[in-house]
K.L.:
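Provided herewith is a single structure, encoded as structure tokens, for subsequent inquiry.
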Amino acid sequence: QVQLVESGGGLVQPGGSLRLSCAASGIIFSTKSMGWYRQAPGKQRELVAVITSGGITKYADSVKGRFTISRDNAKNTGYLQMNSLKPADTAVYYCNTGRSTMLATFTYVPEYWGQGTQVTVSS
């Protein structure tokens, strides 16, 4: 069975940093793209960042320059480093593994989801 477990969320002040982790089991993690979604109350779910099995990364405009997605295949773990956090970043963050394509535009299709971790940015 496939399981993705997020950790590292919490309460942080504006301008602070958090590092989210996603521990994967039951899949060959190194062959999968991995992404992070977030969802805030009253808002649509947003794809924040993706990293492919080949190491190509994509970011939402709202987080470019502040967030970094990475992976450690030896540990079957993905990460999202979040710096310069803003109140607008407050959301539940979900880890995914899935498939990515690069046709006319980059797309990412999640296949497996974690249960999410809460990130709250407030003074």
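Since we're looking at a predicted model, the values are computed, not measured. All values below were derived from every heavy atom in this structure, side-chain atoms included, with hydrogens, water molecules and symmetry-related copies excluded.
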K.L.:
Between Tyr108 and Arg99, is there a cation-pi geometry (under 6.0 Å to ring centre, at most 45° from the normal)?
P.N.:
no
K.L.:
First locate atom OG1 of Thr117, then atom CG of Leu20, and finally report the distance between them rounded to the nearest 0.5 Å.
P.N.:
6.0 Å
K.L.:
Verify, without hydrogens or angle tests, whether Glu6 (side chain) and Gln115 (backbone) share a donor-acceptor contact under 3.5 angstrom.
P.N.:
yes
K.L.:
Any chance you could lay out the ring-ring contact (aromatic ring centres under 6.0 Å, His included) test for Tyr37 and Trp113, step after step, and finish with the verdict?
P.N.:
CA-CA 10 Å; Tyr37 280 83; Trp113 291 76; 5.1 Å; yes
K.L.:
If you group Ile, Leu, Val, Met, Phe, Trp and Tyr by side-chain heavy-atom gaps below 4.5 Å, do Tyr93 and Ile69 land in one group?
P.N.:
yes
K.L.:
Determine all donor-acceptor pairs shorter than 3.5 Å in which one atom belongs to a side chain in residues 9-19; sequence neighbours excluded.
P.N.:
| unit_1 | atom_1 | unit_2 | atom_2 | d |
| --- | --- | --- | --- | --- |
| Ser17 | OG | Asn83 | OD1 | 2.9 |

K.L.:
Going by atom type alone, with no hydrogens or angles, which donor-acceptor pairs under 3.5 Å involve a side-chain atom of residues 46-56 and a protein atom two or more places apart or on another chain?
P.N.:
| unit_1 | atom_1 | unit_2 | atom_2 | d |
| --- | --- | --- | --- | --- |
| Glu46 | OE1 | Arg38 | NE | 2.9 |
| Glu46 | OE1 | Arg38 | NH2 | 3.2 |
| Glu46 | OE2 | Ser62 | OG | 3.1 |
| Thr52 | OG1 | Gly54 | N | 3.2 |
| Thr52 | OG1 | Gly55 | N | 3.3 |
| Thr52 | OG1 | Ile56 | N | 3.1 |

K.L.:
For Arg45, check salt bridge (charged side-chain N to carboxylate O under 4.0 Å, His left out) against everything at least two apart and list the hits.
P.N.:
none
K.L.:
If you round to the nearest 0.5 Å, how far is SG of Cys95 from OH of Tyr79?
P.N.:
11.5 Å
K.L.:
Are there over 12 heavy-atom neighbours, none belonging to Gln118, within less than 6.0 Å of that residue's CD?
P.N.:
yes
K.L.:
Looking at Tyr59, I'd like to know if its OH atom is crowded, meaning that more than 12 non-hydrogen atoms belonging to other residues, nucleotides or ligands lie closer than 6.0 Å.
P.N.:
yes
K.L.:
Does any part of the side chain of Pro110, heavy atoms only, come nearer than 4.5 Å to the side chain of Tyr94, both counted from C-beta?
P.N.:
no
K.L.:
For the hydrophobic clusters of this structure (ILVMFWY residues joined by side-chain heavy atoms under 4.5 Å, transitively), does one cluster hold both Val2 and Met34?
P.N.:
yes
K.L.:
Please round to the nearest 0.5 Å and tell me the distance separating atom CD1 of Ile28 and atom OG1 of Thr97.
P.N.:
11.5 Å
K.L.:
Would you check if the side chain of Ser30 reaches a backbone N or O of Asn73 as a donor-acceptor pair within less than 3.5 Å?
P.N.:
no
K.L.:
Say you draw a straight line from CG of Asn96 to NZ of Lys32; how long is it, rounded to the nearest 0.5 Å?
P.N.:
12.5 Å
K.L.:
Roughly how far, to the nearest 0.5 Å, is the SG atom of Cys22 from the CH2 atom of Trp36?
P.N.:
5.0 Å
K.L.:
Which atom names give the shortest non-hydrogen contact between Lys43 and Gln39, and what distance separates them?
P.N.:
O-NE2, 3.5 Å
K.L.:
Using 4.0 Å as the upper bound for N to carboxylate O, is an ion pair formed by Asp61 and Lys64?
P.N.:
yes
K.L.:
Do Asp89 and Arg66 touch side chain to side chain, with heavy atoms closer than 4.5 Å?
P.N.:
yes
K.L.:
Answer yes or no: is there a side-chain heavy-atom contact under 4.5 Å between Leu80 and Thr68?
P.N.:
no
K.L.:
A side-chain contact here means heavy atoms from C-beta on lying under 4.5 Å apart; do Lys75 and Phe29 qualify?
P.N.:
no
